[in-house]
Amino acid sequence: LAPRAGPAPCPAPPWATLRLSEKFILLLILSAFITLCFGAFFFLPDSSKHKRFDLGLEDVLIPHVDTSKGGKNLGGFLIHGQGHDEHRHRWVLMMKHAWDNYRQYGWGHNELKPIARKGHSTNIFGNSQMGATIVDALDTLYIMGLHDEFREGQEWIDKNLDFSVNSEVSVFEVNIRFIGGLLAAYYLSGQEVFKIKAVQLAGKLLPAFNTPTGIPWAMVNLKSGVGRNWGWASAGSSILAEFGTLHMEFVHLSYLTGDPVYYNKVMHIRKLLQKMDRPNGLYPNYLNPRTGRWGQHHTSVGGLGDSFYEYLLKAWLMSDKMDTEARKMYDDAIEAIEKHLIRKSNGGLTFIGEWKNGHLERKMGHLTCFAGGMFALGADGSRDDKAGHYLQLGAEIAHTCHESYDRTTLKLGPEAFKFDGGVEAVAVRQNEKYYILRPEVIETYWYMWRFTHDPKYRQWGWEATQAIDKYCRVSGGFSGVKDVYSSSPTYDDVQQSFFLAETLKYLYLLFSNDDLLPLDNWVFNTEAHPLPVLHLANTTLSGNPAYR
């Protein structure tokens with residue numbers, strides 16, 4: 001008998017006929033796919049956290065990098081793959097070096113003298129130990145995943161941060177560093193202590209607004225509430241960048257507390273400025289808080305003026321683009337700046353000069369270099385469909401500021417640089433050749449990267465990182481240098497709090513994905529502290545038509 005027919009044999013799977021090497025490749029592809037799915041499951045934002053304000057990819061783990069082997073490899077610039085993590089780890093290590101030395105030698109002081117290895121403070125913080133570096137660094141620590149250090153800072157703030165001290169402080173600096181830093185720490189971590197401290201401090205600043213015009217004094221005594229202006233300011237004036245850089249923080253204070261007093265203070269300033277005549281459409285840097293009249297007609301997008309323009313734009317962005325009054329003021333100001341202050345040098349470099357005594361001074365400060373990022377940030381939504389124009393203008397400013405770095409011996413930018421005759425993007429005076437760990441150029445690189453993804457901005461950021469690590473790192477932290485054109489520079493022996501708050505944060509973000517603190521959800525204050533966009537459904541600012 002013929003044997004009974006069994007079931008038909010299963011056809012061989014397609015990979016059974018593959019050679020060993022082909023199977024290995026297929027296995028690699030399958031592994032990569034599984035890893036990708038696994039990673040997506042764990043690292044996509046958890047909608048149960050931060051229902052209103054999403055950090056993006058939070059708690060990103062930074063892999064350990066053996067810098068003893070990877071030092072040279074880090075210098076080889078990597079656009080794709082593991083290179084991002086390696087670069088970001090470099091700034092985590094720099095942040096730890098700055099923080100650990102501050103904790104060891106300057107804990108509780110405002111800043112650190114890294115060579116003398118002791119605390120440091122300037123007159124902007126008065127004579128008290130308010131831990132400016134701790135407050136300023138908090139959100140950078142959180143974003144970098146340095147949670148043990150973050151908790152150290154939180155514990156100090158909870159137990160030691162006291163605002164009932166007999167100390168005269170800068171209203172502007174305390175607002176952007178302390179209130180901005182505390183608010184950002186609150187929004188990122190959800191820890192109530194930060195909100196409580198921010199509101200306590202804001203109450204101590206309110207007496208500064210007790211002037212005939214409502215334009216605040218530059219300084220206020222935290223205990224007595226007595227205010228005054230800087231002795232060097234023109235005819236007893238308040239400074240545009242100082243009283244014009246309160247809006248973001250004060251609106252958030254009203255939002256969090258339901259108390260309109262903070263919001264009303266900054267909107268009063270805006271209304272007063274709108275009524276005033278502006279020479280050539282420009283805002284002078286000085287305004288007398290007693291008379292309500294301009295001081296000398298000096299206009300700058302650098303020091304004394306800079307962040308006023310930044311906050312007009314960011315007020316609009318922070319309102320979910322509903323504060324059209326702020327946007328109009330920004331657009332009007334930018335058009336006047338472009339007409340009267342922005343020029344091109346003989347060598348083709350676009351720069352922003354300063355209007356002084358009826359003529360344009362062909363000099364640009366390091367502080368002014370933030371404007372490249374501002375133009376890019378404000379490109380979308382600009383008048384007359386000029387988004388492309390303002391993005392290009394931002395790119396030109398970024399290029400000029402990179403040249404100011406590239407034309408020095410240390411590859412670090414000077415405090416100010418000229419465009420006179422044959423001298424372009426170079427500091428001339430000795431007192432303008434210093435670098436104090438400033439962030440503005442890197443800030444512009446980051447914004448330009450976010451809006452263009454041109455790899456040159458990461459390359460430039462990496463160049464700056466190497467120069468900072470080579471010339472500013474000392475055993476006790478990081479120090480500014482006195483002459484960027486000298487091959488053997490001397491140190492100023494100050495580790496600025498903004499180095500931890502801004503410079504290292506912007507470098508870290510420059511090499512992070514766009515969904516870490518996405519610009520649709522977050523607006524950075526002028527000290528790089530991220531504050532969330534206030535969507536209309538959440539806000540309590542019913543007194544303002546823009547926020548209804």
Side-chain angles (χ1 to χ4, degrees), residues 124-125 132-133 135-140 169-185 187 198 201-202 205 216 218 238-253 262 266 269-270 283 285 300-319 323 326 329-330 333-334 337 352 365-378 394 397 401 436-447 450 496-506 509 517 519 522-533:
I124 59 174
F125 303 121
T133 293
V135 180
D136 229 0
L138 278 172
D139 54 3
T140 307
V169 300
S170 162
V171 174
F172 160 74
E173 296 286 359
V174 165
N175 175 62
I176 66 172
R177 301 194 202 203
F178 282 82
I179 294 180
L182 290 165
L183 290 175
Y187 282 119
L201 177 54
L205 297 185
S238 299
I239 294 164
L240 181 70
E242 296 193 341
F243 64 76
T245 310
L246 303 167
H247 187 97
M248 289 181 66
E249 298 81 4
F250 274 50
V251 168
H252 270 277
L253 287 165
Y262 310 103
V266 291
I269 294 171
R270 181 191 290 183
Y283 290 87
N285 290 338
S300 169
V301 186
L304 307 180
D306 48 10
S307 46
F308 165 71
Y309 306 100
E310 175 188 355
Y311 269 38
L312 290 176
L313 172 63
K314 289 180 175 179
W316 175 70
L317 292 168
M318 199 178 76
S319 71
D323 187 353
M329 290 177 71
Y330 171 78
I334 293 308
I337 285 166
I352 308 175
H366 193 291
L367 289 166
T368 319
C369 285
F370 91 97
M374 179 179 71
F375 293 141
L377 184 62
I397 297 297
C401 292
I436 56 171
L437 307 171
R438 286 203 189 277
E440 290 78 19
V441 174
I442 292 154
E443 175 184 354
T444 278
Y445 294 166
W446 175 59
Y447 280 113
R450 278 281 175 105
Q496 305 277 351
S497 80
F498 56 67
F499 178 66
L500 293 82
E502 300 185 75
T503 311
L504 292 176
K505 183 188 290 134
Y506 283 131
L509 290 173
L517 296 164
L519 293 173
W522 297 88
V523 185
F524 287 69
N525 89 336
T526 198
E527 189 79 3
H529 296 308
L531 301 176
V533 169

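Note that the numbering runs from 1 along the sequence shown for the chain.
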statement: Of all heavy-atom pairs linking V441 and C369, the shortest is CG2-CB, 3.6 Å

task: Without swapping roles, check the side chain of S497 against the backbone of T133 for a donor-acceptor pair under 3.5 Å.
output: no

From OG1 (T245) to CD (E310), nearest 0.5 Å: 7.0 Å

task: Would you please name every residue forming a ring pair (Phe, Tyr, Trp, His ring centres under 6.0 Å) with F370, sequence neighbours left out?
output: none

message: If I take atom CG from residue L517 and atom CH2 from residue W446, how far apart are they, to the nearest 0.5 angstrom?
response: 7.0 Å

- prompt: Just one of L317, L531, L509 clears the side chain to side chain contact (heavy atoms under 4.5 Å, CB included) bar with F524, so which one?
  reply: L509

task: State, yes or no, whether a side-chain contact exists between F172 and I239 at a heavy-atom distance under 4.5 Å.
output: no

message: Once salt bridge (charged side-chain N to carboxylate O under 4.0 Å, His left out) is applied, what residue pairs with a partner in residues 238-247 remain, sequence neighbours excluded?
response: none

task: Compare all side-chain heavy atoms of H529 with those of K505 and state whether any distance is below 4.5 angstrom.
output: yes

Nearest non-hydrogen partners of G302 and T368, listed with the distance: CA-OG1, 3.2 Å

- prompt: Do K314 side-chain atoms and M248 backbone N/O form a donor-acceptor pair below 3.5 Å?
  reply: no

- prompt: Would you find a donor on one side and an acceptor on the other, under 3.5 Å apart, between the side chain of H252 and the backbone of P532?
  reply: yes

- prompt: Can you check whether L246 reaches I179 side chain to side chain, under 4.5 Å on heavy atoms?
  reply: no

- prompt: Just one of T526, N525, D136, L182 clears the side chain to side chain contact (heavy atoms under 4.5 Å, CB included) bar with R177, so which one?
  reply: D136

- line: What one should report as the nearest heavy-atom pair of M374 and L313 is O-CD2, 3.6 Å

task: Verify whether one side chain among E249 and Y311 offers a donor that lies under 3.5 Å from an acceptor in the other.
output: yes

S238 side chain to P216 backbone, donor-acceptor under 3.5 Å: yes

- request: Report the C-alpha separation of F308 and Y283 in whole Å, then their side-chain angles, then the decisive distance to 0.1 Å, and conclude whether the side-chain contact (heavy atoms from CB on, under 4.5 Å) test is met.
  value: CA-CA 10 Å; F308 165 71; Y283 290 87; 3.7 Å; yes

message: Has T140 got a side-chain atom pairing as donor or acceptor with L500's backbone, closer than 3.5 angstrom?
response: yes

task: Provide the closest heavy-atom pair for A132 versus F178 in the form atom of the first, atom of the second, distance.
output: CA-CZ, 3.5 Å

- request: Would you indicate whether the side-chain heavy atoms of D306 and E440 approach each other to under 4.5 Å?
  value: no

query: When you look at F498 and E173, which way does the side-chain contact (heavy atoms from CB on, under 4.5 Å) test go after all the steps?
result: CA-CA 11 Å; F498 56 67; E173 296 286 359; over 6 Å; no

- request: To the nearest 0.5 Å, tell me how far M318 CE sits from H247 NE2.
  value: 5.0 Å

Closest approach of D139 to P530 (non-hydrogen atoms, all atoms of both residues): OD2-CD, 3.1 Å

query: When rounded to the nearest 0.5 angstrom, what is the spacing between CG in L437 and OG1 in T503?
result: 6.5 Å

statement: Looking only at heavy atoms, the pair that brings I352 and A371 closest together is CD1-CB, 3.8 Å

